[in-house]
Enquirer: 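One structure is given below, represented as structure tokens, and several questions about it will come after.
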Amino acid sequence: VDTMYFVNASGTPLTILEDGNVGIGTTSPGYPLTVNDDTASGRAIQVVQSATSGTNYGIQGGAYGSGATKNIGLSITAEGATTNDAAHFMGGNVGIGTTSPLMEFVVQCASATELVGIGDTAVNHPGISISDTSGNMDRVLIRDANNHIYLGDLDDNSGDLYLRAAGATAMTIASSG
């Protein structure tokens, strides 16, 4: 068998090529699984995991080429429309480099103890924070819940505030006032 086509009254919903590539909604799949949906407001893939116990993963994948030049675990593209959103994350904090982000969006280096977060911490400090991994928001905060703007120590720790320009300290505000 060279190629298998499954045909119905509306077209060819499923194709299996001789090389094993499977096409859903396409007769020329270029990958092991190619899904094409040209329905307005449609979804090419809908995944639901609804177990009532344990840990549920809607989608889990990886790239594990040990001799590869580069492995990319996830690549998402959205283009061609008036508004293009590559990803929507709903119902939880998003972490890059961490499995327990402290705010809505956190980026943490794997080899460092520093992180950058955007959002609101448990102590009601919305804004942009640079902190250590223990959750001490003690370096930078842009705006609090009352629209006060802060730069410096948020946890009332002692320490002076230095404003620098061109590699030199231009102003020092002592913690003693």
Side-chain angles (χ1 to χ4, degrees), residues 1-135 137 141-143 145:
V1 173
D2 292 331
T3 299
M4 294 176 62
Y5 297 102
F6 295 82
V7 180
N8 64 22
S10 60
T12 308
L14 180 67
T15 302
I16 302 174
L17 299 181
E18 182 179 5
D19 65 3
N21 287 356
V22 175
I24 299 173
T26 179
T27 58
S28 55
Y31 298 95
L33 176 62
T34 302
V35 179
N36 181 53
D37 179 13
D38 59 4
T39 307
S41 299
R43 293 184 174 122
I45 298 175
Q46 172 75 33
V47 177
V48 176
Q49 166 38 298
S50 60
T52 58
S53 64
T55 301
N56 295 329
Y57 293 93
I59 295 176
Q60 195 279 330
Y64 307 107
S66 62
T69 305
K70 180 186 287 188
N71 290 322
I72 299 174
L74 176 65
S75 175
I76 299 174
T77 303
E79 55 189 41
T82 304
T83 302
N84 297 292
D85 298 335
H88 286 197
F89 297 97
M90 297 172 248
N93 295 346
V94 175
I96 297 174
T98 177
T99 57
S100 55
L102 301 170
M103 296 192 267
E104 281 83 350
F105 179 72
V106 173
V107 179
Q108 181 176 332
C109 295
S111 61
T113 60
E114 303 296 315
L115 60 86
V116 176
I118 299 173
D120 192 349
T121 67
V123 291
N124 199 24
H125 288 143
I128 299 172
S129 297
I130 300 173
S131 70
D132 64 29
T133 55
S134 66
M137 300 299 156
L141 176 70
I142 302 301
R143 184 177 306 274

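Just the heavy atoms: all of them, side chains too, but no hydrogens, waters or symmetry mates, feed the values below. The structure presented is a predicted model; accordingly, all values stated were derived computationally and were not measured. Throughout, residue positions are numbered sequentially from 1 according to the sequence presented.
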Enquirer: Could you pull out all residues at least two apart from Asn71 that satisfy side chain to side chain contact (heavy atoms under 4.5 Å, CB included)?
Expert: Ala63, Ala68
Enquirer: Which heavy atom in Pro13 sits nearest to a heavy atom in Val7, and how many Å separate them?
Expert: CD-CA, 4.2 Å
Enquirer: Among all residues two or more places apart in sequence or in another chain, which pass the side chain to side chain contact (heavy atoms under 4.5 Å, CB included) test with Asn36?
Expert: Thr26
Enquirer: With rounding to the nearest 0.5 Å, note down the distance linking CZ in Phe6 to OG1 in Thr15.
Expert: 9.0 Å
Enquirer: Going by side chain to side chain contact (heavy atoms under 4.5 Å, CB included), name the residues that satisfy it together with Leu33, two or more places apart in sequence or in a different chain.
Expert: Val22, Ile24, Val35
Enquirer: Say whether, by atom type as modelled, one donor and one acceptor occur between the side chain of Asn56 and the main chain of Ser50 under 3.5 angstrom.
Expert: no
Enquirer: Taking all atoms of both residues into account, what is the closest heavy-atom pair of Pro29 and Gly23, and its distance?
Expert: CG-N, 3.5 Å
Enquirer: How long is the span from the CG atom in Asp2 to the CD atom in Glu18, to the nearest 0.5 Å?
Expert: 5.0 Å
